[in-house]
Every structure is written in C-alpha cells, then in structure tokens.
Amino acid sequence: KIRRYELKYTVTEETATAIIKYIKSFCKLDKHVPAGKNGYIVNNLYFDTPDLRFYYDTKFRRLIRYKPRARYYGDKISDHIWPELKFRHSSVIWKIRHKIPVSQWYTLFHPQFSERKEPLLKNRLDTFEEVIHWHGANPILHVRYFREPYVTQIEDYGRVTLDRCLSYCM
C-alpha cells in the first residue's frame, strides 16, 4: 500500500489550466489514461452506517478515520469493481483495496460474513467486508467525476489530479 499526503483545493478552470501548464515540465499523464484521452471517469459508491458515522468523521475532521467505498471506472460498470477502505491519519492517506469480478459483488454481502468472529481489536478492521459487516454499513451515495491525473517523473510517487464534472445520486 502507498501512503501519501493528500491535500484538496477548489480552483477555477483558469487556475487548473495554469497548474497543468506548470506541472507538465515534470509530470506526465497517469498510465491508466486511455490513449488519446486526457483522463477517465471515476465512480464511487460510498457506504455508511445508519447514524452516518463515516460522514460525520469527515465533516468534523476526525484526525484518524476511514471510509468504505466501491469504485469502478468508465461510463458504466464493466467487468470489475474495486471494494476499498480509504484511511486517513491527519493528511496522510492510504487505501486497502482489491479487484473483484462484478459477478462476485453480491458475495461481499453474503450471510457467511455474519458468522465472522469479532475482531480482537474492535477498532482494527482491515477489509471493506469487515467494515460493512461490523458497522452495518449500506450504500448511501454514488459520486461520479472526470479525473485528469498526472504523476511525477522525478520522484517515486507524486500525483496531481484535477477532478471535474462532479455529479452524485443519493
């Protein structure tokens, strides 16, 4: 897993254009961008508890928090989906995710998970499935946007993404 600093800003399109112009001398488009394109569509299905624990952890900027979500790319779901946990400790971010065939999505919510033993440390849930089960989380929000991602060519890991055309459905 990659740990990185994540800072988010809302900028005008004019500022976004200036940022791209500036970073192009040391960044290139991410390798996952299709040939001839400048980005791709990201879809996130966010899960939360009945009392919206994960939302309020974010809203009130809890220092250590996580959120379960399922991600897919493109206009519609194709072959795979990525269930993941996104962790945050202050401004450091990391994710735990895995890729599953869409045909196996339902197995993540199968009753077999109700037979799981309680984790030794209640605050130590390591998988999307564990968080969904132990917190009783359900899908609450679908967010879609167009991402223009750049990666640095001078360090092991540096990334700038510009997200546009944000839409959501509850």
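- Residues that satisfy the side-chain hydrogen bond (donor to acceptor under 3.5 Å, both in side chains) test with Glu6, not counting sequence neighbours, are Lys86, Arg88.
- Using a 4.5 Å cut-off between side-chain heavy atoms of Ile, Leu, Val, Met, Phe, Trp and Tyr, with links allowed through other members, Val143 and Tyr9 fall into different hydrophobic clusters.
- Residue Glu84 forms a side chain to side chain contact (heavy atoms under 4.5 Å, CB included) with just one option from His98, Arg69, Lys67, and that option is Arg69.
- Under the 4.5 Å side-chain criterion, counting only non-hydrogen atoms from C-beta, Ile20 is in contact with Leu162.
- Residues satisfying the side-chain hydrogen bond (donor to acceptor under 3.5 Å, both in side chains) criterion with Tyr56, sequence neighbours excluded, are absent altogether.
- For the salt bridge (charged side-chain N to carboxylate O under 4.0 Å, His left out) condition, the pairs that include at least one residue of residues 141-155, sequence neighbours left out, are Arg147-Asp163, Glu148-Arg164.
- At a threshold of 4.5 Å between side-chain heavy atoms, the hydrophobic network of Ile, Leu, Val, Met, Phe, Trp and Tyr places Leu85 and Phe54 in one connected group.
- Using bins of under 30°, 30° to 60° and over 60° for the plane-to-plane angle, the ring pair Phe87/Tyr66 lands in the tilted bin.
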List the steps and the verdict of side-chain contact (heavy atoms from CB on, under 4.5 Å) for Leu29 and Tyr150.
CA-CA 4 Å; Leu29 278 172; Tyr150 293 89; 3.7 Å; yes

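- By the 6.0 Å contact criterion, CZ on Phe26 is enclosed, its count of non-hydrogen atoms from other residues, nucleotides or ligands being greater than 12.
- Geometrically, Arg3 engages Trp94 in a cation-pi contact, judged by NZ or CZ lying under 6.0 Å from the ring centre and within 45° of the ring axis.
- By the ring pair (Phe, Tyr, Trp, His ring centres under 6.0 Å) test, Tyr5 pairs with no residue at all, sequence neighbours left out.
- Across all non-hydrogen atoms, the minimal contact from Arg65 to Arg62 is NH1-O, 2.6 Å.
- Scored by the ring pair (Phe, Tyr, Trp, His ring centres under 6.0 Å) test, Tyr55 finds no partners at all (sequence neighbours excluded).
- Not counting sequence neighbours, the partners of Glu14 by the side chain to side chain contact (heavy atoms under 4.5 Å, CB included) test are Thr12.
- Cluster annotation: Ile93 and Leu7 are assigned to distinct hydrophobic clusters (Ile/Leu/Val/Met/Phe/Trp/Tyr, side-chain heavy-atom contacts under 4.5 Å, transitive).
- Applying the side chain to side chain donor-acceptor pair (under 3.5 Å) rule to pairs touching residues 22-38 yields Asp30-Arg159, sequence neighbours excluded.
- Residues Asn43 and Ile77 have side chains not in contact (no heavy-atom distance under 4.5 Å, counting atoms from C-beta outward).
- Ile96 and Val131 end up in the same hydrophobic cluster when Ile, Leu, Val, Met, Phe, Trp and Tyr side chains are linked at under 4.5 Å.
- Ring centers of Phe47 and Phe128: under 6.0 Å apart, within the cut-off.
- Just one of Phe146, Tyr145, Trp82 meets the ring-ring contact (aromatic ring centres under 6.0 Å, His included) condition when paired with Tyr73; it is Trp82.
- Across all non-hydrogen atoms, the minimal contact from Val33 to Gly39 is CG1-N, 3.4 Å.
- Annotation: side chain to side chain contact (heavy atoms under 4.5 Å, CB included) contacts of Leu63 (sequence neighbours excluded): Ser90.
- In this structure Lys76 satisfies the side chain to side chain contact (heavy atoms under 4.5 Å, CB included) test with no other residue, sequence neighbours excluded.
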Working for side-chain contact (heavy atoms from CB on, under 4.5 Å), residues Ile81 and Leu45
CA-CA 10 Å; Ile81 195 162; Leu45 180 60; over 6 Å; no

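- Taking the side chain as every heavy atom from C-beta outward, Ile41 and Asp75 approach each other to under 4.5 Å.
- Note on Val11: it does not cluster hydrophobically with Leu166, by side-chain heavy-atom contacts below 4.5 Å among ILVMFWY residues.
- To the nearest 0.5 Å, the span separating OH on Tyr106 from CD1 on Ile100 amounts to 10.5 Å.
- Residue pairs meeting the salt bridge (charged side-chain N to carboxylate O under 4.0 Å, His left out) criterion with at least one partner in residues 38-49, sequence neighbours excluded, are absent.
- Residues forming a side chain to side chain contact (heavy atoms under 4.5 Å, CB included) with Asp51 (at least two apart in sequence, or on another chain): Thr49, Arg53.
- With rounding to the nearest 0.5 angstrom, the NE2 atom of His80 is 8.0 Å from the OG atom of Ser103.
- Grouping Ile, Leu, Val, Met, Phe, Trp and Tyr residues whose side-chain heavy atoms lie under 4.5 Å apart, directly or via other members, leaves Val151 alone, with no other cluster members.
- Rounding to the nearest 0.5 angstrom, the gap separating the NE2 atom in His133 from the CG atom in Leu108 is 13.5 Å.
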